[in-house]
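Notes follow once the structure below has been shown.
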Amino acid sequence: MHILVTNDDGPPSPTSSPYVHSLVRELQKRGHTVSVCLPHTQRSWIGKAHMIGQTVKPLYYRPSATFDPSPSAASQAQGATYPRPSKNSKDEEWILVDGTPASCAQIGIHHFFHEKGPIDLVVSGPNYGRNTTAVFALSSGTLGGALEAAVCRKKAIALSYAFFSRNHDPTIIDAASRHSVRVIEKLYSQWPADKSVDLYSVNVPLVEGVEERKTLWAEMLQNYWGENGACFEEVEGSIGDEDEEEERIREGEEAKASSNLDSKTNGDVVDAGQTRYPHRHFKWAPRFTDVYKSVEESPPGNDGWAVKEGYTSVTPLKANFWHGATQLHGEELKLDTSDLDSQGPLSMSTLIYRPKQHFYALIAYEDPYVQPLILSALKKLFPPEAYTLLPMPDSAIPGEPVSLSKLVPDGSSPILQVTPYEAIDWDYVETHPHTCLVNSYMLRKALIRKHYLGATVEHWVAKRPDSVLATHVKSAEAFELDYAEFLDDALVEAFDLRASLERNAERQVQAGEKGKESEREWWILKPSMSDRGQGIRLFSTMEELQGIFDEWEEDMPDSDDEEEGEDGDRDGVAGEGNRGGDADASDRNDITTSHLRHFVAQPYIHPPLLLPGDNRKFHIRTYVACVGSLDVYVYRQMLALFAGKPYAAPTSPSSTAAATSTTSDPDNSGAQIDLEAHLTNTCLQRSVAEGTVRRFWDLPLDERKKEDVFEQVCAVTGEVFEAAARAMLMHFRPLANAFEVFGLDFLVDAAGTAWLLEVNAFPDFRQTGEELRGLVRGLWEDVLERAVGGFFFGGEGKGLGTGGSVGGEERLVLVRRVDLGR
């Protein structure tokens, strides 16, 4: 592009204008057409002034190929000035005018350089010193030049270099110029089309490694001169030219003569021989102590603070002294890094303005489907100055806690951590109950492990037989088994299961009798610690169950290793949140060694509710948010997940087919049950059809039936979480400074009863799919509003029943508030 460069420091000089030569050369290296129009001498602190009544005359400066900015080179000739332009069109020639920076911008835009084409951008600078904060900016000739360009309808950038030493290092200056050009190019490429920005004020610190440091959007610090803000110092009136000295003498003689008069003349003389005001001269001598103090005392996020910390600041402005694009304040300007071979990736986070209600946020969910949705929700809910994103430390080890104490300035700094369970710093969580919020409870195996869930429901219902759990959770027979040969011993106390299998054995003998086969009672086997449907099998006899375990044992590798922490006080991530499982096992619907030992068997729910015209079985995925200790919310936007093949009762011959994942059925002469007709977990399906995942409320069912199902889901959800919190204190312990999103699965039978199947921590949101991604986005927006907003800003976010809604109905429904007295 064609760039006009001006400044307020004049032509290149080691003592007054040491930076402009470097910037021009770097712009030229990047392929830009550069025109230069500068004041012929120093014009700092003149703002956007024009000299009226003065004829502005140009000079013509031919710069040297290189320039030494060090003070020791002040006596060297570096470039030459001529009164007339060169006749050789190949000579590089800059225009110098005896005017102000604003005049240079005007003359450069309208009266020179037309042969190079229209000017695309005006860069005023680099200024010899920072132009951060209002005190500097309001008087800056550098900003004055950019402001003049802006009111001439040109895009403009005021560029200033903040030096920390006058011993100019060419290496640092050249690095600052390279960095500045990248900033200039980035700003130009994304200039707002809505006219919200007229110009930018950019301040670059002259520090080592400036190219690797962040570039931050920042507001301009509003500051003032000190209480005694005099910027001029008095000097003797005798210090002046000869005419002034002569006048002083004459005034003295006149005063002496008038002393003989016993009167005051027109009030011009106070006492004999003394004028009203002593004649003095004043010299510009501002005291910057109070200005720098205002930066030191200011909160982070402004331009003065950014430069002090070694960051480059970018302040969007309108040409009327207003801030422009204030929504960007506190964000980081992402620069292209393709041209920086030695530079590593820039951090995604930045330190921003921190008001009183401010928190740090470590967001590293490690799921590419969910991570951007969480970040988007934070950005939507909270202004940029309310939180600071923190990067995951390079020293972080997968599966190990991340030390929060090393990420925040001090222990009183509020911090939000949204990470995998294993990365949570539980010691920090425990010792900072009022400032640290995390996305998981420490103990929740009472719900997420299948044998514990069965025990939770059993204990609760034993004392409360009228509980909704008694009629919406199938009784579970839990047993432990290390080796298949000990199966019979493991089932000694599984009385209901053994009785059912014995009845089925009798029916098998009587299979020839009409109708007996349809009375067979089927059971579903679930490894308690498996996830994504791994290891699920159907069986109806002891022989079938024994065959399942014999098959697993044959395929199991020789290893005695078990999942670490299985019986520890702190949960590992069980349920769908366990991303570290055996991928091959998942593909085979198999189980790994770590899944062996704990199992549950439950009566198989038959017949399930099927949709008109679609005979595929489906289950309902419900997202549940638990906040603090303990509010339980159900997300109204539920999902329906369908099996891959049409449903057929496991006792029906039509349900048999050759399939990889099967259960032997001796009554069908070696035929096998195809689990794809029975399992609705999308992770297991090999023949996924369209519509496998659908919105529950879009299902072609009577609206009253769907509302009834939702009411059942809400009632069961609230009850099961209260049961865990009150009856299983050692295995479910809600924390006031935690929240968690669970995935609950329900199956509706043909009679319309919603049965709770399981509770999953860290649910697999990816099964929602791209088309329904907005559903998950809405979930995180509502959850973070309740949990994060309530914890850091008080209250309950928007309050109960007033959060996000669809069709006028709240999306996140409070179903139980459990007062645990904590």
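What you are looking at is a predicted structure, and each value in this text was computed from that prediction instead of being measured.
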Looking at [X] and [Y], what are the two nearest heavy atoms and their distance?
X: Leu453; Y: Leu757; result: CD2-O, 4.5 Å
X: Val815; Y: Cys714; result: CG1-CB, 3.5 Å
X: Ala787; Y: Val627; result: CA-CG1, 4.0 Å
X: Arg694; Y: Asp698; result: NH2-O, 4.2 Å
X: Thr768; Y: Leu639; result: OG1-CD1, 3.5 Å
X: Pro763; Y: Gly743; result: CG-N, 3.8 Å

Calculate, to the nearest 0.5 Å, the distance between atoms [atom1] and [atom2] belonging to [X] and [Y] respectively.
X: Arg449; Y: His598; atom1: CZ; atom2: NE2; answer: 8.0 Å
X: Arg621; Y: Leu744; atom1: CZ; atom2: CG; answer: 8.0 Å
X: Asn439; Y: Ile374; atom1: CG; atom2: CD1; answer: 7.5 Å
X: Leu812; Y: Glu810; atom1: CG; atom2: CD; answer: 8.0 Å
X: Ile620; Y: Leu609; atom1: CD1; atom2: CG; answer: 8.0 Å
X: Phe495; Y: Glu493; atom1: CZ; atom2: CD; answer: 5.5 Å

Query - Donor-acceptor pair between Glu719 and Trp460 side chains, under 3.5 angstrom - result: yes

Is any side-chain heavy atom of [X] closer than 4.5 Å to a side-chain heavy atom of [Y]?
X: Leu641; Y: His619; answer: yes
X: Leu611; Y: Phe618; answer: yes
X: Leu362; Y: Gln417; answer: yes
X: Leu772; Y: Gln637; answer: no
X: Phe549; Y: Leu525; answer: yes
X: His459; Y: Met728; answer: yes
X: His472; Y: Val720; answer: no
X: Ile363; Y: Leu416; answer: yes

Query raised in the report: Do NZ/NE/NH1/NH2 and the carboxylate oxygens of Glu707 and Arg636 come within less than 4.0 Å?
Result: yes

Check the angle between the aromatic planes of [X] and [Y] and answer parallel, tilted or perpendicular using the 30° and 60° thresholds.
X: Trp780; Y: Tyr365; answer: perpendicular
X: Phe732; Y: Tyr441; answer: perpendicular
X: Phe479; Y: Phe599; answer: parallel
X: His678; Y: Tyr647; answer: perpendicular

Would you say the side-chain atoms of [X] pair up with the backbone N or O of [Y], donor to acceptor, closer than 3.5 Å?
X: Arg773; Y: Tyr369; result: yes
X: Glu771; Y: Val693; result: no
X: Thr717; Y: Val713; result: yes
X: Gln712; Y: Gly752; result: yes
X: Asn737; Y: Val429; result: yes
X: Tyr635; Y: Leu775; result: yes
X: Asn504; Y: Glu521; result: yes
X: Glu785; Y: Leu381; result: no
X: Thr456; Y: Ala446; result: yes
X: Glu722; Y: Gly718; result: no

Requested in this report: In sequence, state the C-alpha distance, the side-chain angles, and the governing distance for Ser540 and Tyr604, and then conclude on side-chain contact (heavy atoms from CB on, under 4.5 Å).
Outcome: CA-CA 10 Å; Ser540 60; Tyr604 185 65; over 6 Å; no

**Report entry** Evaluation steps, side-chain contact (heavy atoms from CB on, under 4.5 Å), between Arg786 and Tyr633
**Finding:** CA-CA 10 Å; Arg786 294 295 198 287; Tyr633 296 88; 3.8 Å; yes

Report task. State yes or no: are the ring centers of Phe721 and Phe742 separated by less than 6.0 Å? Result -> yes

Query raised in the report: Going through the checks in order, is the side-chain contact (heavy atoms from CB on, under 4.5 Å) test met by Glu477 and Asp496?
Result: CA-CA 8 Å; Glu477 297 283 1; Asp496 292 342; 3.0 Å; yes

Requested in this report: Only counting residues at least two apart or in another chain, list the ones meeting side-chain hydrogen bond (donor to acceptor under 3.5 Å, both in side chains) with Glu703.
Outcome: Lys706

Query raised in the report: When you look at Phe710 and Phe696, which way does the ring-ring contact (aromatic ring centres under 6.0 Å, His included) test go after all the steps?
Result: CA-CA 10 Å; Phe710 182 68; Phe696 169 76; 7.9 Å; no

Query raised in the report: Does the salt bridge (Lys or Arg N to Asp or Glu O under 4.0 Å) test come out yes or no for Arg811 and Glu781, once each step is laid out?
Result: CA-CA 10 Å; Arg811 293 185 305 201; Glu781 289 175 359; 3.8 Å; yes

Query raised in the report: Going through the distances and angles, do Arg444 and Glu740 end up as a side-chain contact (heavy atoms from CB on, under 4.5 Å)?
Result: CA-CA 10 Å; Arg444 67 268 207 274; Glu740 185 157 4; 3.2 Å; yes

